[in-house]
Amino acid sequence: MRCMKTRAFLLDVESTSLRGKHALRLFLKDEKTKRSFPAYDNAFKPYYYLLPKGDFKAVAKKIVSLKVRDRGKEFGATSVEEVERVIGRKRVQLLKVFAQDPLHVPKLHEATKEFGQSYEHRISFAKRFLIDNGLFPCSLCEVELDGRMIKSIKPIESPAQPEFSTLAFDIEVYTPANAPNPAKDPVIMISAASPGDSPMVISYSKKFSADFVETVPSEKAAIERFCELLREKKVDLLCSYNGDAFDLPYLRERSKKIHASFYPGRVLSNLRTRQAGIRPVTRVPGRIHYDVYPVVDFLDTVGAVRLPRMTLGHAYAEILGKQKTDINKLEIHKAWDAGGAALEHLAKYNLHDSVACLELAQHTLSLEVELSRLSGETLFDTSRSTTGQLVESLLMRRSFERGEVIPNKPKEPEVQARQQNPIEGAYVKTPEAGVYENLAMLDFKSMYPSIIISHNIDPFALNCDCCSKEAHVSPQGHKFCSKIKGLVPTTLEEIIDARRAVQAQMKKTPKESNEYKQLYARQWGLKILANSYYGFLGYARARWYSRECAESTTAWARHYIKQAIEQAEKAGFKVLYADTDSALLQFKPGEEKKIEEFRKSVNSLLPERMELELEDFYPRGIFVSKKQGDAGAKKKYALINRDGKIKIRGFELVRRDWSRVARRLQRSVLEVLLKEGDVKKAKEMVLKVIVELKSGKTPLEDCVIYTQVRKKIKAYEIMSPEVSALQKAQEAGLPYGEYSTIGYVITRSGKSISEKAQPIELAKDYDADYYVNNQVLPAVLKILGALGVDAEDLKTKGTQKGLGDW
DNA sequence: TAATTCGCTAGACCGA
DNA sequence: TCGGTCTAGCGAA
């Protein structure tokens with residue numbers, strides 16, 4: 001029974017070799033038996049396109065006979081075909097140049113440069129395979145197998161999703177010196193957690209009383225036991241937190257050092273770590289290594305969560321609202337040496353890291369699976385992708401389906417030129433500081449996507465030959481075809497329509513069901529994709545970058561919001577504020593109904609796809625002035641709705657680079673003012689906090705300021721508190737790498753603020769004057785000022801010694 | 001090598 | 001020691 005036909009989920013694809021020749025290794029999971037297995041394809045051949053300049057046949061002939069030398073080996077194109085494709089909007093004849101090996105493609109491209117322009121020569125082979133076969137990862141396909149070889153594979157339309165056999169792990173390393181060094185520092189514990197099983201820790205040479213610890217004879221045995229565990233559990237999804245950069249490479253290096261056999265994969269291939277931009281990426285052959293760290297980072301950038309720091313503990317707390325066992329990193333090796341309770345605590349900590357990682361993986365998986373199915377990237381890639389990569393992947397697929405040649409990535413000088421020439425963005429109206437009542441916030445539903453669709457904003461619909469008067473003309477004069485819909489608006493419209501359909505389906509589905517969760521994840525993924533289109537059009541490295549498209553999108557946005565503001569004023573409302581796609585209107589008491597009439601009149605003038613919505617009514621709201629001058633501050637306001645729910649934007653209290661003591665007080669002050677309008681009470685709260693700070697009773701944790709250090713330390717021109725604190729932390733051997741977020745306290749010792757900054761791990765005291773004058777007072781003075789409180793009065797009274805009068 | 005621009009604010013730096 | 005300018009980070013949309 002060597003030949004068989006089956007239905008299976010496509011889990012992953014990777015480029016590999018088979019008997020010395022290139023091949024693709026797919027990981028499949030049988031729908032019925034739930035067995036995961038590798039299968040190979042060596043029939044699919046790499047290729048790229050060439051648009052020849054000069055005589056077509058002559059060029060084809062030259063390429064066929066071309067020989068390229070690389071590392072002592074000679075090769076050429078295996079064949080050349082004439083094909084018809086679309087570039088931009090033009091049908092053209094192209095040469096499709098096939099290669100024997102994916103590695104030959106870039107070499108052939110170099111060698112054929114003189115004959116014309118190459119296309120699609122920088123698409124990875126695995127991606128090429130997926131696109132050309134119309135296969136979607138995490139989806140079902142029909143496979144015909146001859147032993148391990150794939151005879152045919154076809155996608156199956158089905159909403160079914162694979163169930164993964166999942167395991168999360170985490171390691172602890174003995175690091176008495178500074179940074180962990182695999183040449184010297186042993187792995188002392190490996191923990192593992194999988195659904196339905198009790199989590200466990202593998203360790204050695206020490207006595208543990210906890211029954212979750214499995215003791216083996218040595219470090220080597222521990223590493224090998226871990227690999228064995230992965231085989232026993234037949235793990236599909238191996239979860240880690242930063243396993244890409246730390247746990248997996250460390251285990252590999254350590255295994256080399258101590259001659260442990262380290263094969264955590266499903267096949268006997270080694271781990272592969274490659275540098276993907278700023279961070280490394282590690283593949284475990286035959287399993288999907290799901291690193292939760294980049295997933296959390298992604299959620300942070302799309303605004304789904306906001307983390308003070310990117311640690312596992314912070315992610316666990318912010319995303320799942322749970323606390324896990326903590327330990328001071330500097331104490332780990334001491335706990336190992338000390339044994340007893342300290343060692344038990346370390347084991348527990350190690351255990352909880354795997355448990356937390358597993359829970360976070362499970363929580364985020366449905367979204368990532370949906371994004372993978374939507375973008376067509378493997379789950380491995382998707383979970384490490386940025387929004388730009390997702391949009392690009394999707395467009396590449398749809399481009400292929402339409403017979404369009406995928407545009408090349410821009411070369412570096414072009415990227416630079418684009419970056420130096422940014423486009424004009426949104427319109428923001430300056431508010432006047434003060435307290436206002438009877439407010440309504442209106443906003444355009446999915447403004448940028450709806451503009452792109454409505455006006456057919458697409459790089460290849462720009463300046464078409466077919467339209468003259470009937471073309472969409474942007475406020476800046478760019479013309480977009482009104483007859484043939486472009487790739488960008490088409491795919492975007494599909495996304496929006498799909499999201500509507502999913503949302504409709506959700507209404508018919510019980511909220512607690514699995515199906516509902518899946519639908520929720522799907523509409524969320526679709527929303528993320530839709531919202532990323534505009535940024536992608538203006539992204540300098542994008543294959544579909546178009547200055548004209550991006551600037552037309554924002555120009556139309558400015559036009560529509562300003563038009564709405566004008567209409568609102570004509571209708572008798574006061575427009576207090578507007579930003580990009582929203583406007584805050586003030587109405588006369590009891591005239592809520594007029595808002596709805598106004599909204600309808602605006603919508604009657606809009607293109608069909610665009611819509612102004614009522615976001616909410618707000619009985620009261622506060623705007624403050626800028627720190628310098630009397631002008632109202634943009635992007636900074638607080639509103640309270642009829643249910644007493646407060647919406648706060650831009651204030652220090654939403655910023656992680658402000659101390660908790662200042663943020664908490666600012667929130668309380670805003671709440672009291674919005675809910676009760678009690679200025680006196682607010683003033684008293686401020687003074688209470690100041691007194692506490694001055695008395696030294698404020699907990700140090702409330703004084704921590706978190707700031708990310710976003711460049712290499714050497715690259716800084718200016719010494720800032722965060723850079724200074726990071727340096728001090730690194731000197732003390734704390735595990736802060738480059739680009740990390742540092743939590744620091746301004747202490748009493750030192751002259752400049754940078755000198756006074758100490759990492760929280762090392763800080764012993766705080767500088768009360770700094771927290772009063774540079775944190776608490778700036779956070780509340782502008783707010784109280786907006787209510788007519790004499791801010792200066794509070795400041796002098798507050799900072800004077802004699803607070804007894806209050 | 002990995003989505004955009006607009007806007008606020010801090011703290012350092014620098015010259016008077 | 002001041003005020004202006006600049007670098008840098010973070011948030012709004």
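FYI, side chains are in, hydrogens and waters are out, and symmetry mates aren't considered; it's all heavy atoms of this structure. Below, chain A is the first sequence line, B the second, and so on; all start at residue 1.
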request  = Using a cut-off of 6.0 Å, state whether more than 12 heavy atoms not belonging to A/E432 lie near its atom CD.
outcome  =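 No.
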Apply ring pair (Phe, Tyr, Trp, His ring centres under 6.0 Å) to [X] and list each qualifying residue two or more places apart in sequence or on a separate chain.
X: A/H472; value: A/H455
X: A/Y618; value: none
X: A/Y706; value: A/H314

ask   = If the sugar-phosphate is the primed atoms plus P, OP1 and OP2 and the base is the rest, what is the B/S/- string for nucleotides 10-16 of chain B, using protein heavy atoms under 4.0 Å?
value = SSSS---
inquiry  = If you assign each of A/Y716 and A/Q628 to its closest nucleotide in DNA chain C, which residue comes earlier from the 5' end?
reply    =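 It is A/Q628, whose closest nucleotide lies nearer the 5' terminus.
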key: Residue met sooner reading DNA chain C from 5', once A/D657 and A/T580 are mapped to nucleotides   =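 On the 5' side of the pair lies A/D657.
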Show every donor-acceptor pair shorter than 3.5 Å between a side-chain atom in residues 739-753 of chain A and any protein atom, with sequence neighbours excluded, or say none if there are none.
| from | atom 1 | to | atom 2 | distance (Å) |
| --- | --- | --- | --- | --- |
| A/S740 | OG | A/G737 | O | 2.7 |
| A/T747 | OG1 | A/K756 | O | 2.7 |
| A/S752 | OG | A/E755 | N | 3.2 |

ask   = Residues in side chain to side chain contact (heavy atoms under 4.5 Å, CB included) with A/S385, at least two apart?
value =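 Listed in chain order: A/E377, A/Q389, A/L390.
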key: With sequence neighbours excluded, residues passing side chain to side chain contact (heavy atoms under 4.5 Å, CB included) with A/T273   =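 Per chain and number, A/T273 pairs via side chain to side chain contact (heavy atoms under 4.5 Å, CB included) with A/P249, A/R252, A/P280, A/T282.
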query = Hey, what bend do you get for the helix from B/dT4-C/dA13 to B/dA16-C/dT1 if you fit axes on five pairs at each end, rounded to 10°?
reply =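 The angle, to the nearest 10 degrees, is 0°.
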request  = Rounded off to whole Å, could you give me the CG-to-C1' distance for the A/L653 and B/dT9 pair?
outcome  =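 Rounding to the nearest Å, CG of A/L653 and C1' of B/dT9 are 15 Å apart.
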ask   = Whole-Å distance between B/dG7 C1' and A/K429 NZ?
value =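 That distance rounds to 17 Å.
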query = Does anyone know the first and last nucleotide of DNA chain C in reach of chain A, 5' to 3', at under 4.0 angstrom to a heavy atom?
reply =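 Listed 5' to 3', the contact boundaries are C/dT7 to C/dA13.
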ask   = Partners of A/R667 by salt bridge (charged side-chain N to carboxylate O under 4.0 Å, His left out), sequence neighbours excluded?
value =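 Partners of A/R667 under the salt bridge (charged side-chain N to carboxylate O under 4.0 Å, His left out) test: none.
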Salt bridge (charged side-chain N to carboxylate O under 4.0 Å, His left out) partners of A/E615, counting only residues at least two apart =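 Applying salt bridge (charged side-chain N to carboxylate O under 4.0 Å, His left out) to A/E615 gives A/K647.
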query = When you check the gap from the basic side-chain N to the acidic O, do A/E493 and A/R609 get nearer than 4.0 Å?
reply =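 A salt bridge links A/E493 with A/R609.
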key: Presence of salt bridge, A/R384 and A/D244, under 4.0 angstrom   =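 Answer for the salt bridge query: yes.
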Distance between P atoms of C/dG9 and B/dA2 (Å, rounded) =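 Per the computed distance, 15 Å lies between those P atoms.
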request  = Select base, sugar-phosphate, or nothing to describe what A/Y637 touches, counting heavy atoms under 4.0 Å on all strands.
outcome  =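 Touches sugar-phosphate only.
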Please enumerate all protein N or O atoms sitting under 3.5 Å from an N or O of nucleotides 2-6 of chain B, with distances to 0.1 Å.
| from | atom 1 | to | atom 2 | distance (Å) |
| --- | --- | --- | --- | --- |
| B/dA2 | O4' | A/Y539 | OH | 2.6 |
| B/dA3 | OP1 | A/T386 | OG1 | 3.4 |
| B/dA3 | OP2 | A/T386 | OG1 | 2.4 |
| B/dA3 | OP2 | A/G388 | N | 3.2 |
| B/dA3 | N7 | A/T387 | OG1 | 3.4 |
| B/dT5 | O3' | A/G425 | N | 2.9 |
| B/dC6 | OP1 | A/G425 | N | 3.0 |

key: Pair A/K527, A/S446: side-chain N/O donor-acceptor within cut-off below 3.5 Å   =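 Absent: no donor and acceptor within the cut-off.
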request  = Report yes or no: do A/R279 and A/N242 form a side-chain donor-acceptor pair below 3.5 Å?
outcome  =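 On atom types as modelled, these side chains qualify, holding a pair under 3.5 Å.
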